[in-house]
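Both ligands and their constituent atoms are indexed starting at 1 by order of listing.
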Amino acid sequence: MSTIAAFYGGKSILITGATGFMGKVLMEKLFRTSPDLKVIYILVRPKAGQTLQQRVFQILNSKLFEKVKEVCPNVHEKIRAIYADLNQNDFAISKEDMQELITCTNVVFHCAATVRFDDPLRHAVQLNVTATQQLLLMASQMPKLEAFIHISTAFSNCNLKHIDEVIYPCPVEPKKIIDSMEWLDDAIIDEITPKLIGDRPNTYTYTKALGEMVVQQESGNLNIAIIRPSIVGATWQEPFPGWVDNLNGPSGLIIAAGKGFLRAIKATPKAVADLIPVDTVVNLTLAVGWYTAVHRPKSTLVYHCTSGNLNPCNWGKMGFQVLASFEKIPFERAFRRPYADFTTNNFTTQYWNAVSHRAPAIIYDFYLRLTGRKPRMTKLMNRLLRTVSMLEYFINRSWEWSTYNTEMLMSELSPEDQRVFNFDVRQLNWLEYIENYVLGVKKYLLKEDMAGIPEAKQHLKRLRNIHYLFNTALFLIAWRLLIARSQMARNVWFFIMWFHFFLQAFCHQEARSDFHTAHVL
Ligand SMILES: CCCCCCCCCCCCCCCCCCCCCCCC(=O)SCCNC(=O)CCNC(=O)[C@H](O)C(C)(C)COP(=O)(O)OP(=O)(O)OC[C@H]1O[C@@H](n2cnc3c(N)ncnc32)[C@H](O)[C@@H]1OP(=O)(O)O
Ligand SMILES: NC(=O)C1=CN([C@@H]2O[C@H](COP(=O)(O)OP(=O)(O)OC[C@H]3O[C@@H](n4cnc5c(N)ncnc54)[C@H](OP(=O)(O)O)[C@@H]3O)[C@@H](O)[C@H]2O)C=CC1
């Protein structure tokens, strides 16, 4: 029997962010491996016209929970959804619910956060810092609490190149930031945001760093640990490979590339793609919960949940494998054929954005107008390019995260626990993982039927023919109208053609050699 699974038996567990990507996988694993746990309290807010109960019902009836229902048929009775809004004082939890939580909770997993990169500082501070502070205050009143596990991010200190499993201080105290949010108006906050976040790229990474400082300062006598996952991706093994249900991290870009919207990206092929499967993060989280409660380390331990130093993969190899997977698993109704130009240069990025993204969108919108429909592609493309520009920071740099604590914990586990709560990322086969990821995006995010694959392949063939036809027609028209009439136009045309093909050849050669190197590595 697994020691960790046995530890959670009979326990009352509080999870924040249980309706999120990681929270759902955490609940699933807890119920599947410790079906005799007492109760999982989840702090939920009504959303998108759904009540708390409807939200819980939807989660429990999803494919993710199919196995759980076999092992733990009374799972509905073991989830207690508590109305809460982490943006409110005392989380707007009723007195009775608060009393129950304080009296009964044994372990807290704090996953809730805003993960948006463009959130205004006030909102990001409220959720990622103030709510963490409030939750710790609540936890300090829990007589039965054995462990408090805080989920942070490996990028909370992305302004550093080498990151140790320690809490780094921020120049301005979190308490001062929290106080100032109360009296400063939005315009002033917007003005000082760049100065506060300094060399971090966004309010998300900054407020997650502040959240860690709050954990350190307010820990009191609590048994606390911090987990820092890198870029969390689809499940690797459990409960089945490829499960994913939101667009964060690479998932949105996989869709954009597979549907043929995104065909070039400013990314450094040799930079480490520090992806970590969500089930690996959850396994480490549960192991840390057990270790923190049972071994009670004297100080707050930080655990890096990253792949780069143990089993590195780079963006070149990842992009190559994603594209290769589209051959086998094409997405339906693609706008253009999937294709990738990786570039590291600003000028070529602008060039490919104009040629591969904006121009086709304008042409398609023109076609929509001609056929009496509302143009939409330019707007969609602008949004996509904005999203990509926000992710660029993370795909053009490499970081080194030390993993001493994570490796120490692995060595502390029994062989059975190492198997049931596997977080040894060295066993991950990237090529297999990425193919399952693409498959998961198709099945669980796009909700496309596998039976549609032959038709999707036909559609891509049609797109290829249209592409050839379009290029030939364009060439003939240009030739007829301009080139045949003027020497000047001929010279300009030849220069453009030369430049275009030169760039294409150059980028291909660059990408090929990088893909090749990446592959060899
Ligand atoms: C040639 C290219 C392709 C080649 C091959 C295939 C490529 C795949 C592999 C290699 C590519 C590289 C992948 C890089 C991924 C790197 C991610 C790095 C992130 C690390 C950060 C640290 C990790 C963490 O700790 S936090 C978790 C990460 N958080 C996020 O990812 C949140 C990011 N999202 C946001 O902040 C916002 O959504 C934002 C600002 C991007 C957009 O906000 P906006 O208000 O404009 O819109 P939304 O309402 O949110 O959505 C609008 C629209 O866009 C869709 N969308 C949302 N997010 C993404 C996304 N990440 N990618 C693509 N599309 C996205 C959303 O669904 C909406 O669509 P509609 O149709 O309009 O509804
Ligand atoms: N995804 C990733 O790549 C990474 C994530 N992390 C960290 O992991 C944790 C979980 O992330 P992930 O699951 O991906 O994020 P999601 O965005 O999927 O989930 C966020 C969760 O927080 C909840 N939440 C947000 N605001 C409130 C609020 N005001 N009141 C109550 N609940 C709220 C959401 O509830 P609702 O459903 O109602 O919106 C949701 O359950 C976060 O702490 C994040 O920083 C770290 C590294 C990478």
Side-chain angles (χ1 to χ4, degrees), residues 14-28 41-52 54-56 58-59 64 81-93 108-117 119 122-132 134-135 149-158 163 202-212 214-215 226-235 243-253 273-282 284-285 302-307 391 394-395 399 401 437 445:
L14 168 61
I15 303 181
T16 70
T19 50
F21 179 45
M22 200 181 297
K24 285 179 206 155
V25 180
L26 179 64
M27 273 201 294
E28 194 278 338
Y41 296 112
I42 59 175
L43 303 189
V44 194
R45 53 183 177 170
K47 201 177 178 186
Q50 283 188 311
T51 63
L52 265 56
Q54 285 167 332
R55 293 194 75 186
V56 174
Q58 196 178 34
I59 294 173
L64 183 71
I82 290 188
Y83 175 91
D85 182 347
L86 271 59
N87 285 326
Q88 311 276 331
N89 258 347
D90 286 336
F91 302 155
I93 298 177
V108 176
F109 293 106
H110 179 33
C111 302
T114 166
V115 302
R116 292 185 67 92
F117 295 154
D119 240 355
R122 185 194 294 287
H123 186 245
V125 166
Q126 175 59 49
L127 207 58
N128 296 348
V129 192
T130 314
T132 303
Q134 277 203 54
L135 191 67
I149 310 303
H150 173 75
I151 309 297
S152 185
T153 163
F155 294 95
S156 55
N157 300 291
C158 59
I163 303 159
N202 51 42
T203 53
Y204 170 67
T205 49
Y206 174 62
T207 53
K208 289 298 276 189
L210 288 177
E212 291 185 6
V214 162
V215 170
I226 296 178
I227 317 260
R228 286 192 189 140
S230 46
I231 304 170
V232 182
T235 52
W243 183 83
V244 58
D245 82 337
N246 75 21
L247 292 166
N248 290 340
S251 310
L253 292 197
D274 210 301
L275 226 68
I276 190 87
V278 62
D279 46 338
T280 307
V281 182
V282 161
L284 174 68
T285 303
V302 177
Y303 298 84
H304 281 161
C305 194
T306 53
S307 55
L391 301 181
F394 300 95
I395 49 182
W399 288 266
W401 286 278
Y437 198 150
L445 260 179

Under 3.5 Å, N or O to N or O, is Ile231 touching ligand 2 that way? no
Can you see which heavy atom on Pro250 is nearest to which on Ile231, and at what distance? CD-CG2, 3.7 Å
Taking the side chain as everything from C-beta on, heavy atoms only, tell me whether Trp243 gets closer than 4.5 Å to Val25. yes
To the nearest 0.5 Å, how far apart are CD in Glu212 and OG in Ser152? 3.5 Å
Looking at Cys111 and Thr16, what are the two nearest heavy atoms and their distance? N-OG1, 2.9 Å
Relative to the heavy atoms of Ser230, which atoms of ligand 2 are at a distance of less than 4.0 Å? 47 (C), 48 (C)
Would Asp119 and Thr114 count as a side-chain hydrogen bond (donor to acceptor under 3.5 Å, both in side chains) if you check the C-alpha gap in whole Å, the side-chain angles of each, and the deciding distance to 0.1 Å? CA-CA 8 Å; Asp119 240 355; Thr114 166; 2.6 Å; yes
Met22 to ligand 2: N or O pair under 3.5 Å? yes
Per-residue contact class, Lys47 against ligand 2 - non-hydrogen pairs under 4.0 Å: side chain
Considering distance alone, does some N or O of Leu86 sit under 3.5 Å from an N or O of ligand 2? yes
By number and element, which atoms of ligand 2 are closer than 4.0 Å to a non-hydrogen atom of Cys111? 9 (C), 10 (C), 42 (C), 43 (O)
Which is closest to atom 35 (O) of ligand 2 in terms of heavy atoms, Thr153, Thr19, Ile15? Thr19
Side chain or backbone of Leu127 under 4.0 Å from ligand 2, or both, or neither, by non-hydrogen atoms? side chain
With heavy atoms of Ile151 as the reference, note each atom of ligand 2 found under 4.0 Å away. 7 (C), 8 (O), 9 (C), 43 (O)
Less than 4.0 Å is my threshold; does some heavy atom of Tyr204 fall inside it relative to ligand 2? yes
Ligand-residue contact atoms, ligand 2 with Asp85, heavy atoms, under 4.0 Å: 28 (C), 29 (N), 30 (N)
Atoms in ligand 2 with a heavy atom of Ser152 nearer than 4.0 Å: 6 (N), 7 (C), 46 (C)
To the nearest 0.5 Å, atom CZ of Arg45 lies from atom OG1 of Thr51 at 15.0 Å
Looking at Asn87, which atoms of ligand 2 are within less than 4.0 Å of one of its heavy atoms? 29 (N)
Between Pro229 and Ile276, the two heavy atoms sitting closest are CB-CG2, 4.3 Å
CD1/Ile227 to OG1/Thr285 distance, rounded to the nearest 0.5 angstrom? 4.0 Å
Mind checking whether Asn246 contacts ligand 2 via backbone (N, CA, C, O), side chain (CB onward), both or neither, at a 4.0 Å heavy-atom cut-off? side chain
For ligand 2 and Leu43, I'd like to know whether there is a polar contact (N/O to N/O, distance under 3.5 Å). no
Quick one: which ligand 2 atoms are inside 4.0 Å of a heavy atom on Ala113? 20 (C), 22 (O), 25 (C), 42 (C), 43 (O), 45 (O)
Per atom 2 (C) of ligand 2, closest listed option by heavy atom (Thr306, Val232, Thr285): Val232
Under 4.0 Å from a heavy atom of Phe21: which atoms of ligand 2 are those, numbered in the order shown and with their elements? 13 (O), 14 (O), 18 (O)
Where is the tightest heavy-atom contact between Leu43 and Phe91, given as atom of each residue plus distance? CD1-CD1, 4.2 Å
Arg228, Lys24, Arg116, Arg45: member with heavy atom nearest to atom 32 (N) of ligand 2: Arg45
Would you name the heavy atoms of Leu275 and Ser230 that are closest together and state the gap between them? C-OG, 4.3 Å
Proximity winner for atom 38 (O) of ligand 2, if only heavy atoms of His110, Arg55, His123, His150 are counted: Arg55
Quickly, which of Leu26, Val281, Val278 forms a side-chain contact (heavy atoms from CB on, under 4.5 Å) with Phe21? Name it, please. Val278
